[in-house]
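Structure first, then comments.
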Amino acid sequence: MIPLLTDPWFYAAAIPAVILVGLSKGGFGGAVGFVGVPLMALAMSPVQAAAILLPILVLMDVVSLWTWRGVYDRDLLWSMLPGSLVGIGAGWLTAALVTADMVRLIVGAVALVFVLRWVFQQIRHGSAHKAKRNRVMAAFWGTVAGFTSFVAHVGGPPFQVYALPLRLDPKVLTGTGAIFFAVSNAVKLVPYFALGQFDTANLSASAVLMPIAPLSTLAGAWLVRRMRPEIFYPFTYATVGLIAVKLLWDGAAQLF
């Protein structure tokens, strides 16, 4: 018996994490899906959490692509996807240098910056502000998204830092994000396999959690068409902020 599968804390952290990621993949909650690794990291190494989640993410991507098929922004994809591939390559090259505590700091910092930026935009511009497209910034944030996606599956915040201010139709934004992360996650399978992350324990944990993946993704797509975000988003960002502070504290305590 694999010890991880008999640990109740694993299920307490992993099941809510997979549900939240699935809802996000379906389009509900925006970047809230990046709480997957931080939430699971409360019960295990963030590196192991990332390895367990990747096969689940790929299955979710398939469901999300089917759900939002034909709805996407071609220009946004062409502007951000090349940078994502560069970022994934950078993550692969530096994988041996990045410790679990460094990953905690990276995840926590990205999460906290994203939350603070969202708060700042609400205060300064309100919800109606629309940014102009910029290919240089698109490539930069695509690269950041690829790197953070590789180390801990937190590509959502950098992607949305650039994409959200464009004020696309929610369905178009969701469909574009589905393609962006489907490609990114498929590419990540190669370096994760090469780094030996898909061992028996991790793949067994993925298999146990996988039935939740399509159900939560479809539920997210169902909800995004019916529920108003005014209450959900503030609650979600507050939750993400708390998790970010916790991870920053844990990572800094070990490193410094």
Side-chain angles (χ1 to χ4, degrees), residues 14-40 49-81 83-85 87-88 114 138 141-142 145-146 148-150 152-164 166 168-190 192 206-229 232-233 236 240:
I15 291 176
V18 173
I19 291 173
L20 285 173
V21 174
L23 291 173
S24 178
K25 283 287 186 182
F28 182 69
V32 69
F34 82 89
V35 304
V37 170
L39 188 55
M40 290 178 67
I52 291 171
L53 270 179
L54 184 53
I56 299 171
L57 289 173
V58 172
L59 175 58
M60 289 177 175
D61 287 331
V62 173
V63 177
S64 186
L65 285 173
W66 178 83
T67 303
W68 298 104
R69 59 194 181 279
V71 184
Y72 61 93
D73 187 300
R74 185 185 301 271
D75 180 71
L76 184 58
L77 285 174
W78 280 112
S79 298
M80 298 192 74
L81 264 178
S84 175
L85 301 182
I88 291 170
F114 183 67
W141 286 112
T148 57
S149 178
F150 180 86
H153 308 318
V154 290
F159 173 82
Q160 295 211 2
V161 164
Y162 177 76
L164 275 180
L166 299 178
L168 299 174
D169 179 278
K171 296 181 181 63
V172 174
L173 178 62
T174 301
T176 305
I179 297 174
F180 180 87
F181 289 109
V183 173
S184 299
N185 288 331
V187 171
K188 281 155 51 180
L189 288 171
V190 175
Y192 266 66
S206 299
V208 168
L209 296 169
M210 205 160 282
I212 307 172
L215 296 176
S216 56
T217 304
L218 291 172
W222 184 84
L223 287 169
V224 80
R225 293 185 172 100
R226 290 167 175 82
M227 186 173 181
R228 298 175 62 185
F232 180 80
Y233 276 101
T236 298
V240 170

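What you see below is based on every heavy atom in this structure, not just the backbone, and it leaves out hydrogens, waters and symmetry mates. A quick note: this is a predicted structure, and the numbers were derived from the prediction, not measured.
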Contact between [X] and [Y] at the side-chain level, heavy atoms closer than 4.5 Å - yes or no?
X: Leu168; Y: Tyr72; answer: no
X: Lys188; Y: Asn185; answer: yes
X: Leu57; Y: Lys25; answer: yes
X: Leu39; Y: Pro16; answer: yes
X: Ile19; Y: Leu215; answer: no
X: Ser24; Y: Met60; answer: no
X: Val21; Y: Ile56; answer: no
X: Pro214; Y: Leu59; answer: yes

Taking all atoms of both residues into account, what is the closest heavy-atom pair of [X] and [Y], and its distance?
X: Ala50; Y: Val37; result: CA-CG2, 4.1 Å
X: Ala213; Y: Thr217; result: O-OG1, 2.8 Å
X: Ala49; Y: Met40; result: CB-CB, 3.7 Å
X: Ile88; Y: Gly146; result: CG1-O, 3.6 Å
X: Phe180; Y: Ser84; result: CZ-CB, 3.6 Å
X: Thr148; Y: Ala145; result: OG1-O, 3.4 Å

Measure up the Tyr192 and His153 rings against each other and bin them: parallel (under 30°), tilted (30 to 60°), perpendicular (over 60°).
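Ring orientation, 0 to 90° scale: parallel.
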Tell me which one of Leu166, Leu81, Ile179 satisfies side chain to side chain contact (heavy atoms under 4.5 Å, CB included) with Leu76.
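Checked Leu166, Leu81, Ile179 against Leu76; only one passes side chain to side chain contact (heavy atoms under 4.5 Å, CB included): Leu166.
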Working for side-chain hydrogen bond (donor to acceptor under 3.5 Å, both in side chains), residues Ser149 and Ser184:
CA-CA 8 Å; Ser149 178; Ser184 299; 5.6 Å; no
Would you find a donor on one side and an acceptor on the other, under 3.5 Å apart, between the side chain of Thr176 and the backbone of Asp73?
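At least one qualifying donor-acceptor pair exists.
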